Amino acid sequence: MTERLFDDETLSKLQSWGFDVETFRNHAQMLRNGTAGAAANRISGRVEVPPPEAIVRLEELSPEARREFAAMGRDAIRRGAVGVLVLSGGMATRFGGVVKALVPAIDGVTFLELKRRDAERAERAEKRAEGKAEGKVPFMAMSSFATDAAIRTANRAAHGDEGIVFPQFVSVRLTPDGDLFLDAEGAPSRYAPGHGDLTFALRKSGVLERFRDAGGEVLVMSNVDNLLATLDETVLGAHLASGAAITVECVDKDPGDRGGSPALVDGRVQIVEAFRFPEAFDQDAIGVFNTNTLVLDAKAIDRDFDLSWFAVEKEVDGRKAIQFEHLVGELTAFLPTQYIAVPRTGPGARFAPVKDPAELETRRADIRRELETRGIIAAAPVAGDIDAP
């Protein structure tokens, strides 16, 4: 099927971005035989509310525990064991076709550059503490075919190099009947198949191997649009102390929130996306949801995972299209995981996602205040100060 649908040049370009012919063929067949879709996406096992002790609350840790965890986190940074990894792929659609990672967010500084400054801040802090050039924090960005070139170009302009950028994979949309979906120009309609690509792309690119060979042990992953998901020594130390392979940051739900949440599935707590819960399950019974900020053990994720593929309906060029996606949160079904509830608002808040320009305007002041406090951006001049314009 596939070889007849793509000419050699198109197929070669797709495969250069990690397109897998056999997986595409299987997805098409699933649509044709009716084994993919909303019903198939739902979990068939027993789903329950996790016990309260499954969620560690950062704000309820004792002062002694916080000091101990912070010291562990600082030591890991000092040893060069920690890397910062930012998800900056996707389709570059929510900011009017502009790559969100490169949109000026605060004081003209882009989302991606603010994330990079956070890693550099952690480096500087440990170097000052030790008085020597230790504490290197590698900064990595997972791009996509839609964002890769722009991110590499921006890095060259700002830093004289492309930085550590590696692309997630690519796939091609299908019609609801399982046929190839063509865009308005008659070409195969490409898309980025979800952040579940992370571990696979890390390994294929060689980035994970190089990180581990250099002494890297832990990766702190977050979305590029969540600027408050900064490198936190206490969270990092809590992860290391737990012995878990993954730590997932969660926040308390607000009314109407829908997102992935930690749920007890057949006796194991794991992240379950909203669309996967059984229809009869009351998702509001789980009081927290996943922020997609994870601390990952580099050794533990250096293997293959049989992640699920979920059929998702989209409207493309005014028509229904199906794309198959997989999600990084499903790693929690395979690896020992700690769940830690972090502040959503106020001092120390760690969750302020920005999905579009309107949300950026709404959240900018709060984000700026927190980034100032954390030393990532300079404090704004106060009216009446001698240096204020």
Side-chain angles (χ1 to χ4, degrees), residues 54-56 58 69 72-73 75-77 79-89 115-116 118-119 122 136-143 164-169 194-224 226 229-250 260 262 268-273 290-308 326-342 350-351:
I55 314 295
V56 176
L58 184 65
F69 292 157
M72 293 177 68
D75 179 67
I77 294 170
R79 291 187 287 108
V82 181
V84 168
L85 196 160
V86 177
L87 303 182
S88 48
K115 286 287 195 178
R116 184 164 180 158
D118 177 42
K136 179 67 177 176
V137 180
F139 180 80
M140 304 161 231
M142 185 171 80
S143 62
I164 304 174
V165 181
F166 63 98
Q168 66 180 117
F169 301 149
H195 42 57
D197 279 352
L198 177 66
T199 59
F200 303 95
L202 267 171
R203 298 180 77 209
K204 182 179 179 181
S205 65
V207 169
L208 184 58
E209 180 180 13
R210 292 192 295 273
F211 176 69
R212 293 188 61 197
D213 286 349
E217 300 172 10
V218 177
L219 291 168
V220 180
M221 182 212 87
S222 64
N223 292 339
V224 74
N226 184 10
T230 53
L231 185 55
D232 185 275
E233 297 160 348
T234 305
V235 172
L236 182 57
H239 168 79
L240 295 169
S242 74
I246 303 174
T247 289
V248 176
E249 290 193 18
C250 303
R268 182 189 185 114
V269 180
Q270 60 188 260
I271 293 298
V272 177
E273 294 302 319
N290 169 31
T291 67
N292 213 41
T293 300
L294 309 180
V295 186
L296 302 164
D297 180 89
K299 181 179 179 180
I301 64 171
D302 196 359
R303 50 165 275 204
D304 287 332
F305 295 95
D306 187 19
L307 298 186
S308 304
H326 52 184
L327 306 170
V328 71
E330 198 184 0
L331 292 174
T332 60
F334 297 87
L335 296 171
T337 303
Q338 172 183 232
Y339 300 88
I340 185 164
V342 300
R350 295 189 54 76
F351 185 62

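The figures that follow rest on heavy atoms only: side chains count, while hydrogens, waters and symmetry mates do not. Keep in mind the model is a prediction, meaning the values are calculated, not measured.
- Within the 4.5 Å cutoff, the side chain of Ile55 has heavy atoms near those of the Pro262 side chain.
- Heavy-atom minimum distance, Phe211 versus Glu217: CE2-N, 3.6 Å.
- Closest approach of Tyr339 to Val269, counting heavy atoms only: OH-O, 3.1 Å.
- Nearest heavy atom pair, residue Val218 against residue His239, reads CG1-CD2, 4.3 Å.
- Residues Asn292 and Phe351 are not in side-chain contact: their nearest non-hydrogen atoms beyond the backbone lie 4.5 Å or more apart.
- Here the straight-line distance linking atom CZ of Arg350 with atom CG of Leu58 works out to 8.0 Å at 0.5 Å rounding.
- Of all heavy-atom pairs spanning Ala141 and Ser88, the tightest one is CB-OG, 3.6 Å.
- Between the CE atom in Met140 and the CG atom in Leu219 there is a gap of 5.0 Å [rounded to 0.5 Å].
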Side-chain donor-acceptor contacts of residues 299-306 below 3.5 Å, not counting sequence neighbours, with atom names and distances?
unit_1	atom_1	unit_2	atom_2	d
Asp302	OD1	Arg203	NE	2.8
Asp302	OD2	Arg212	NH1	2.9
Asp304	OD1	Arg203	NH1	2.9

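- Residues Gln338 and Ala244 approach most closely at N-CB, 3.8 Å, considering heavy atoms.
- None of Leu296, Asp297, Ile246 except one satisfies the side chain to side chain contact (heavy atoms under 4.5 Å, CB included) rule with Leu335; the exception is Ile246.
- Using a 4.5 Å cut-off on side-chain heavy atoms (C-beta onward), His326 and Asp197 make contact.
- The closest side-chain heavy-atom distance from Leu327 to Leu307 is not below 4.5 Å.
- Among all heavy-atom pairs drawn from Lys115 and Ser222, the shortest one is NZ-OG, 2.8 Å.
- At distances below 3.5 Å, not a single donor-acceptor pair connects side-chain atoms of Gln168 with backbone N or O atoms of Met142.
- Within the model, atoms CG of Asp118 and OG1 of Thr230 stand 5.0 Å from one another, a figure rounded to the nearest 0.5 Å.
- By the 4.5 Å heavy-atom criterion applied to side chains, Asp232 and Val342 are not counted as neighbours.
- Going from atom CG of Leu202 over to atom CG of Leu85 covers 5.5 Å, rounded to the nearest 0.5 Å.
- How far OG1 of Thr293 is from CD1 of Ile340: 12.0 Å, rounded to the nearest 0.5 Å.
- Note that CG of Leu294 is 9.0 Å distant from CG of Asn223, once rounded to the nearest 0.5 Å.
- Counting only heavy atoms from C-beta outward, the side chains of Ile271 and Thr337 never approach each other to under 4.5 Å.
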